[in-house]
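See below for the structure under consideration.
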Amino acid sequence: MNTMKIENKDNVVFYYNVNKDIIQIRNKLQEQMEFFNNGSTRDIKFRIRQLEKLGNSVKKYEGEILKALYADLKKSAYESYMTEIGFVLREIRHTKSNLKKWAKPEKVKTPFVLGPGKSRIISEPYGQILIISPWNYPFQLAMVPLISAIAAGNVAVIKPSELAPSTSAVIAEIISDAFNENFVFTVEGGVERAQFLLSEKFDYIFFTGSREVGKMVMESASRFLTPVTLELGGKSPVIVNKDASINSAAKKIVWGKFLNAGQTCVAPDYLLVHRDVREKLIERIEHYIKVFYSDDPSTSIDYSRIINSVHFKRIKGLLDNTNIIAGGKTSGKQLYISPTIVDRVSLNHPLMKEEIFGPVLPVLEFRDINEAVNIVKSMPKPLALYLFTSDRKTESKVINEISSGSVMINDTVLQVSNEHLPFGGVGESGMGACHGKSGFDAFSHKKSVMKRSGLFDIPLRYPPFNRGYGLLRKLSG
Ligand code: NAD
């Protein structure tokens with residue numbers, strides 16, 4: 001295979017398979033930077049107009065998006081609208097109606113000794129943004145960061161996941177329908193394309209995906225000292241204490257776990273249940289699996305499929321030598337794995353060693369809440385943490401003692417839909433946050449501006465310093 005030695009604009013040498021459009025992409029990046037530098041995106045009205053255009057285009061392509069999500073993941077139209085299209089339209093609406101407020105310079109005090117003067121913090125766009133997105137919510141996870149990037153006045157390049165090719169193609173169509181290429185464009189393709197983009201210098205990189213690739217992204221970004229947001233995954237626990245409403249917990253766990261066939265970054269990954277309520281909870285979970293997806297979920301239009309055969313085999317392999325008490329039915333041809341419950345899983349089992357990212361729920365039991373807390377704390381910090389309890393003390397204990405990206409009490413997954421809450425991980429589940437104002441802030445450099453009037457100038461600051469030491473100490477408090 002032919003490879004080409006590429007030296008990027010910052011003298012980093014990079015080898016790439018000869019590909020006719022590499023040069024084209026690089027030209028587009030250049031033109032985009034020129035467009036950013038001409039200042040159009042600084043205007044708030046311009047940004048709002050672009051968000052409107054994006055919203056209109058998403059509405060125009062609604063049918064195509066639904067078809068693509070069905071082709072890629074067999075997502076039902078209802079679920080696709082709820083978790084992808086509707087989610088994006090809501091984010092656009094919320095951003096549009098708050099943007100003027102968010103973008104206003106924030107006035108701050110100027111200490112007496114530094115005055116007279118005025119100080120403020122300005123939200124300044126970073127410039128050129130790279131958004132790399134995954135396949136599990138392939139539409140939403142490319143669009144939501146884009147909305148924030150536009151709101152903050154940046155230009156952007158989107159690299160959707162090649163593993164959801166139909167959705168990737170619709171994203172490219174929507175972007176070229178809504179925007180001029182020198183403002184936002186899409187680069188479709190796989191790892192090679194992503195790596196090429198990472199060899200270029202961006203002003204900010206927003207990556208959503210796995211920990212392993214997240215590390216590579218951060219390493220590439222470090223070459224240019226480019227700031228990053230990493231939205232990663234991990235094992236998000238759901239803890240059910242004995243004082244919880246068991247029926248309600250079961251219903252919400254089944255919904256959150258089997259949504260998109262468990263391929264949700266914030267899905268409850270494993271269940272920790274108090275031994276006194278274990279049996280009842282499992283019985284209720286089995287009940288709701290049947291209520292939601294019927295006796296044979298393979299026939300339910302509301303139940304998704306696994307993205308590809310690699311992930312199918314990986315998840316199926318995790319079921320080897322386990323105590324399956326519900327589900328466990330698989331079809332490689334259909335990429336189908338039924339909602340599955342695995343009982344009495346030990347912490348050393350492969351199911352507890354990696355993010356499951358599929359419709360398999362391992363069950364572990366605990367005797368008191370300290371034990372549950374210690375189990376969770378023995379693993380990397382989770383992206384999301386779910387707790388079902390009616391006891392305030394247990395609630396405070398879990399919130400205060402376990403570090404996690406987010407916590408949801410008495411429900412699952414819904415915290416992600418609250419645009420007033422930052423969404424992001426901590427530790428190995430990621431860094432930085434998005435959604436609503438947090439997304440706007442992520443894509444804005446907070447620039448400090450201080451202006452002095454020149455009316456008064458404290459002589460104490462100037463050498464020789466041997467005069468007012470006592471006064472200096474007093475002023476410093
Ligand atoms: P992935 O890391 O394999 O891929 C994500 C993106 O990175 C894709 O666009 C892909 O083309 C690109 N990529 C893959 N390998 C690369 C490489 N070597 N160099 C550069 N780019 C590369 O992730 P995935 O399988 O698409 O998604 C699943 C993971 O994403 C899970 O771990 C899940 O928890 C996580 N996730 C996190 C969130 C969140 O918001 N925190 C949301 C969704 C998914």
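When a ligand or atom number is given, it counts from 1 through the structure's own listing order. Note that these values count all heavy atoms, side chains included, but never hydrogens, waters or copies made by symmetry. Heads up: numbering here begins at 1 and tracks the sequence.
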Checklist entry - Take atom CE in M218; do more than 12 heavy atoms of anything else shown fall under 6.0 Å from it? => result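 No - once you tally the heavy atoms of other residues, nucleotides and ligands closer than 6.0 Å, there are 12 at most.
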Next on the checklist: Hydrogens and angles aside, do Y137 and T264 bring a side-chain donor and acceptor to less than 3.5 Å of each other?
Outcome noted: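 Result is yes, a qualifying pair exists.
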Salt bridge check: are [X] and [Y] linked by an N-O gap of less than 4.0 Å?
X    : Y    : result
E365 : R344 : yes
D177 : K53  : no
K381 : E428 : no

Nearest-neighbour protein heavy atom for [atom], which is reported as residue plus atom name and distance:
atom                    : result
atom 8 (C) of ligand 1  : S133 O, 3.3 Å
atom 2 (O) of ligand 1  : S210 OG, 2.6 Å
atom 36 (N) of ligand 1 : C265 CB, 3.5 Å
atom 31 (C) of ligand 1 : E355 OE1, 3.5 Å

Tell me, please: is [X] in heavy-atom contact with ligand 1, that is, under 4.0 Å?
X    : result
V191 : yes
F207 : yes
S161 : yes

